[in-house]
Amino acid sequence: MRKEAYERIFACIQKTRYGVKIINGISTAITYVTAVLYFSVLFWLVWQESYRDACVTIAVPAVSFILVSVFRAKLNARRPYEVYQFQPLISKDKCGNSFPSRHVFSIFVIGTTIAWQCMWAAVIVWALGIVLAVTRVAGGVHFPKDVIAGMCIGIILGAACRFFLY
């Protein structure tokens, strides 16, 4: 995505009353809702005495998160606001580590992991993940390729780790 596209998106968001607050609020709210759904599924698994499933549901996102974090650090891709020299709408004070989006990756790996236990919760998390991906790009902290890669890697690693750990 080019600088002009970000500028058009920013202008649209900024001319909307509370547009920047809405983008930031959506991003934060999605993170909390996902955490509540994830921990609800974990609680339910422990309640059902499905300890092995609970351990796998914890281990899959943890192992995947570590793998993606190491990959991101080695690649150290620049963020849109670094490349195009603009102030992002979502507060961010760090440089690099843009590819893949770890926020989007995390929500998709969690969705894929809990899909084995509670499909309706996974569908909600995946839908929230798509909205989160849009807000991360619209907020200027990621390129579309960053969030698309985060989605794909989250789903693939979530499924692959599930099979390896189970």
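Below, each value reflects all heavy atoms present in this structure, side chains not excepted, and no hydrogens, waters or symmetry copies.
Within the structure, side chain to side chain donor-acceptor pair (under 3.5 Å) pairs that include any residue of residues 96-111 comprise Ser69-Arg102, Ser98-His142, Ser98-Asp146, Ser101-His142, His103-Arg136 (at least two apart or interchain). Among residue pairs with one or both ends in residues 60-83, none qualify as ring pair (Phe, Tyr, Trp, His ring centres under 6.0 Å); sequence neighbours excluded. Applying the side chain to side chain donor-acceptor pair (under 3.5 Å) test to residues at least two apart or on different chains, none of the pairs has a partner in residues 86-95. Residue pairs meeting the side chain to side chain donor-acceptor pair (under 3.5 Å) criterion with at least one partner in residues 7-16, sequence neighbours excluded, do not occur; the list is empty.
In terms of heavy-atom proximity, Ala133 sits nearest to Val104 at CA-CG2, 3.7 Å. Scanning both residues, Thr113 and Val60, for their nearest heavy atoms gives OG1-CG1, 3.1 Å.
Two residues are said to be in side-chain contact when any heavy atoms from C-beta on lie closer than 4.5 Å; Pro100 and Arg72 meet this criterion. The shortest side-chain heavy-atom distance between Phe105 and Leu157 falls under the 4.5 Å cut-off. Here the side chains of Ser27 and Leu132 are in contact, with some heavy-atom distance below 4.5 Å.
Screening Thr112, Val125, Ile130 for a side chain to side chain contact (heavy atoms under 4.5 Å, CB included) with Ile107, the sole residue that qualifies is Val125.
Hydrophobic clustering places Ile30 together with Val33 (ILVMFWY residues linked when any side-chain heavy atoms are closer than 4.5 Å, directly or through intermediates). Criterion: ILVMFWY side-chain heavy atoms under 4.5 Å apart, direct or through other members. Under it, Tyr51 and Ile58 are not part of a common hydrophobic cluster. Hydrophobic clustering of Ile, Leu, Val, Met, Phe, Trp and Tyr side chains at less than 4.5 Å, counting indirect connections, unites Val131 with Met1. One hydrophobic cluster, built from ILVMFWY side chains closer than 4.5 Å, cannot hold both Val141 and Leu75; they sit in different ones. Using a 4.5 Å cut-off between side-chain heavy atoms of Ile, Leu, Val, Met, Phe, Trp and Tyr, with links allowed through other members, Ile26 and Phe108 fall into the same hydrophobic cluster.
If you take CZ on Phe143 and CD1 on Ile148, they are separated by 13.0 Å, rounding to the nearest 0.5 Å. Atom-to-atom distance recorded for Ile110:CD1 and Thr34:OG1 is 6.5 Å, nearest 0.5 angstrom. To the nearest 0.5 Å, the span separating CD1 on Ile13 from CD1 on Ile23 amounts to 4.0 Å.
No donor-acceptor pair closer than 3.5 Å links the side chain of Asp53 to the backbone N or O of Gln117. Although no hydrogens or angles enter the test, the distance criterion places a donor-acceptor pair under 3.5 Å between the side chain of Glu82 and the main chain of Arg79.
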Let me check something: any side-chain donor-acceptor pairs from residues 35-48 under 3.5 Å, sequence neighbours excluded? List them with distances.
{"residue": "Tyr38", "atom": "OH", "partner": "Thr57", "partner atom": "O", "Å": "2.7"}
{"residue": "Ser40", "atom": "OG", "partner": "Val36", "partner atom": "O", "Å": "2.7"}

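The environment of Lys21 atom NZ is sparse: at most 12 non-hydrogen atoms of other residues, nucleotides or ligands sit within 6.0 angstrom.
Legend: residues meeting ring pair (Phe, Tyr, Trp, His ring centres under 6.0 Å) with Phe86, ordered by chain and number and at least two apart, are Tyr6, Phe10.
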